[in-house]
Amino acid sequence: MNTTTADAGSVTVTGQPEARQLRRSGHDKMLAGVVGGIARYLNADVTLVRVIIAALVQVTGAGVALYLAAWLLIPGDGEDQPVAGAWIAGRRDRIR
């Protein structure tokens, strides 16, 4: 597929922007890069996303569960599969 690059993103020949992928950030991270990846995906300030996650932790406690689930299910930059997928694949190889 032929693509041309516009200022900050790629655009296909049909003029439709390429789909963004949600990935954990390898560069902008404090713990596992989840918030940095979400901020990059949403094109938002990483500090704002961190404040929202911290508020979820403080108010409902759901922030911890959401962060852990995202860490397990979102692949990191340059990785083919998430942490949970790699663990499951390793268990399958051990059983065989």
Side-chain angles (χ1 to χ4, degrees):
M1 175 186 276
N2 293 334
T3 59
T4 59
T5 55
D7 51 313
S10 296
V11 177
T12 62
V13 174
T14 61
Q16 297 294 325
E18 289 185 6
R20 294 180 293 172
Q21 293 184 346
L22 178 58
R23 300 262 183 197
R24 287 182 291 117
S25 175
H27 175 69
D28 190 16
K29 66 180 191 175
M30 292 184 99
L31 293 175
V34 172
V35 176
I38 291 171
R40 180 178 55 206
Y41 182 78
L42 296 174
N43 197 22
D45 182 35
V46 70
T47 305
L48 176 64
V49 178
R50 285 188 177 122
V51 167
I52 291 169
I53 296 294
L56 285 173
V57 169
Q58 292 294 319
V59 174
T60 65
V64 174
L66 291 173
Y67 190 92
L68 288 174
W71 172 65
L72 290 171
L73 300 174
I74 299 173
D77 285 339
E79 296 177 4
D80 293 335
Q81 57 186 349
V83 173
W87 183 79
I88 290 169
R91 299 293 295 174
R92 281 188 193 152
D93 290 342
R94 189 180 296 175
I95 292 172
R96 291 181 187 172

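The model shown is predicted, which means the values in this text are computed figures rather than measured ones. The chain is numbered in sequence order, starting from 1.
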Could you tell me which residues satisfy side chain to side chain contact (heavy atoms under 4.5 Å, CB included) with Arg20, sequence neighbours excluded, listed by chain and number?
Tyr41

Between Leu31 and Val35, is there shared hydrophobic-cluster membership here, with clusters defined by ILVMFWY side-chain heavy atoms closer than 4.5 Å?
yes

Whichever hydrophobic residues join Val51 through chains of side-chain contacts under 4.5 Å
none

Please name all residues satisfying side chain to side chain contact (heavy atoms under 4.5 Å, CB included) with Glu79, sequence neighbours left out, ordered by chain then number.
Arg24

In a table with atom names and distances, give each donor-acceptor pair under 3.5 Å that connects a side chain of residues 61-76 to protein atoms at least two apart or in another chain.
residue, atom, partner, partner atom, Å
Tyr67, OH, Ala32, N, 3.1

I'd like to check the side chain to side chain contact (heavy atoms under 4.5 Å, CB included) partners of Asp45; sequence neighbours left out, ordered by chain and number.
Thr47, Leu48

How would you list, by chain and number, every residue that makes a side chain to side chain contact (heavy atoms under 4.5 Å, CB included) with Ala44, sequence neighbours excluded?
Leu42, Val49

Hey, does Arg40 have a side-chain heavy atom less than 4.5 Å from the side chain of Asp77?
yes

Residues Gly36 and Ser25: closest non-hydrogen pair is C-CB, 3.7 Å

